[in-house]
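Note on naming: letters A, B, ... go to the chains in the order of the sequence lines (proteins, then strands), and numbering restarts at 1 for each one. Computed from heavy atoms alone, side chains included, the values below leave out hydrogens, waters and symmetry copies.
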Number of protein chains: 2
Amino acid sequence: MATERLQQAIDSLKSTKVRMTPQRHAILEYLYESMTHPTADEIYKALEGKFPNMSVATVYNNLRVFKEVGIVKELTYGDASSRFDCVTTDHYHMICNSCGKIVDFDYPGLDEVESLAEHVTGFQVESHRMEIYGKCPDCSTTAKH
Amino acid sequence: MATERLQQAIDSLKSTKVRMTPQRHAILEYLYESMTHPTADEIYKALEGKFPNMSVATVYNNLRVFKEVGIVKELTYGDASSRFDCVTTDHYHMICNSCGKIVDFDYPGLDEVESLAEHVTGFQVESHRMEIYGKCPDCSTTAKH
DNA sequence: ACTTAATTTATAAAGGTTATTAAGAAAGAA
DNA sequence: TTCTTTCTTAATAACCTTTATAAATTAAGT
């Protein structure tokens, strides 16, 4: 349940020196309720009604704080805006090349790839990132017409 | 051999309406000789000596042209600059979290992940991207001291 | 050599993100 | 409650990468 996880996030903030502000609460709430992976600007626009005076910098600052505390992950893409994900457990993303929709999906760790990479390159593996691109059901249907 | 592949790239440009200019040749040459994955700015700075009047826009324009023709691939990262790869065959990248070094490595296609993702999400898979992060040999050695 | 269309250069502009700083507010102490 | 301290916000400017624009230049075919 979103509310439960939101509460956990708030609790884990309390254990640090991070203060709870109305803006912070609203940003977190939005992240946990919208199951999308919003950009900073989308969050900013979504909260315009509640906080007409909120600055974009506030959104960015707080997202950075949330990242540092570990309750939010940043998904970075080329020239486009970053997106923010409040699901911090390991999972991958399926991204629609047409509409940009992002869907989560789970897959057991790619340990084999990691250990091969380790042997071949001599690197000490720390993490990996994988995304799959394609057309979402909506976009592949409309394309057929 | 780098020279051979460079010549192939030049030839494949000739088959289009793309003209060969000294700047273009130099950018391609740099891409094929440096085995790194340079940013546009690195290329720009590297060629400053030969082309004191070259504009950054020229580098970007040409990299876009090369991408369109298919002889160069762009590797995009969050806020940081894109890097450009003249190896267009499928392969993955191992990236050092400390110094940013990028090393190529091959791995058979992740068909299984793709087809699972297809079933679970209903997407029509078109491609995927994977990167592995860690510490390169140099950086993990110095860390031990 | 001539012509035409592609290319370069220089510059401005766009878009996302960060830095700065003064004003404001949260959390704990008195 | 009130005070105090430190964190946070808001507004704005600045930064950085990349793209757009427009005039001058040049490659390539005739």
Between [X] and [N], is there a contact of a side-chain N or O with OP1 or OP2 at under 4.0 Å?
X      : N       : answer
S55(B) : dT11(C) : no
R24(A) : dT8(D)  : yes
Y60(B) : dT19(D) : no
R64(B) : dT18(D) : no
T21(A) : dC7(D)  : no

With no hydrogens and no angle check, just 3.5 Å: does a side-chain donor-acceptor pair link N97(A) and E126(B)?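 A donor-acceptor contact under 3.5 Å links the two side chains.
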Side-chain donor-acceptor pair under 3.5 Å between E112(A) and Y107(B), yes or no?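 The criterion, which ignores hydrogens and geometry beyond distance, is satisfied for Y107(B) and E112(A).
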Select from F51(A) and K67(B) the residue whose nearest nucleotide in DNA chain D is closer to the 5' end of that strand.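 Nearest-nucleotide comparison on DNA chain D picks F51(A).
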Judged by each residue's nearest nucleotide on DNA chain D, which is more toward the 5′ side, V65(A) or P22(B)?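 The residue mapped nearer the 5' terminus is V65(A).
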How long is the line joining [atom1] of [X] and [atom2] of [N], in whole Å?
X      : N       : atom1 : atom2 : answer
I27(A) : dT9(D)  : CD1   : C1'   : 11 Å
Y77(B) : dT18(D) : OH    : C1'   : 17 Å
D41(B) : dT19(D) : CG    : P     : 14 Å
R83(B) : dT17(D) : CZ    : C1'   : 13 Å
K50(A) : dT9(D)  : NZ    : C1'   : 18 Å
E74(A) : dT17(C) : CD    : P     : 7 Å
Y44(A) : dT18(C) : OH    : P     : 16 Å
N53(A) : dA23(C) : CG    : C1'   : 13 Å

Cationic N near anionic O, under 4.0 Å, K50(B) to E29(B):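 Looking at K50(B) and E29(B), the cut-off is met.
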Looking at E42(B) and R83(B), is any side-chain nitrogen of the basic one under 4.0 Å from a carboxylate oxygen of the acidic one?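 Salt bridge flag = yes for E42(B) with R83(B).
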Centroid separation under 6.0 Å, is that true for the rings of Y92(B) and H128(B)?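 Under 6.0 Å, so yes.
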Taking the nucleotide of DNA chain C with the nearest heavy atom to each, does N61(A) or P52(B) sit closer to the 5' end?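 On the 5' side of the pair lies P52(B).
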Report which part of the nucleic acid [X] touches: base, sugar-phosphate, or nothing (heavy-atom distance under 4.0 Å, all strands).
X      : value
T58(B) : base
V56(B) : nothing
N62(A) : sugar-phosphate

Which one, [options], comes nearest to the side chain of [X]?
X      : options                  : result
A57(B) : dA11(D), dA6(C), dA10(C) : dA10(C)
R19(A) : dT18(D), dT7(C), dT6(D)  : dT6(D)
Q23(B) : dT12(D), dT9(C), dA28(D) : dT9(C)

Considering all heavy atoms of both residues, which atom of S82(A) and which atom of T76(A) are nearest to each other, and what is their separation?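 Minimum heavy-atom contact is OG-CG2, 3.9 Å.
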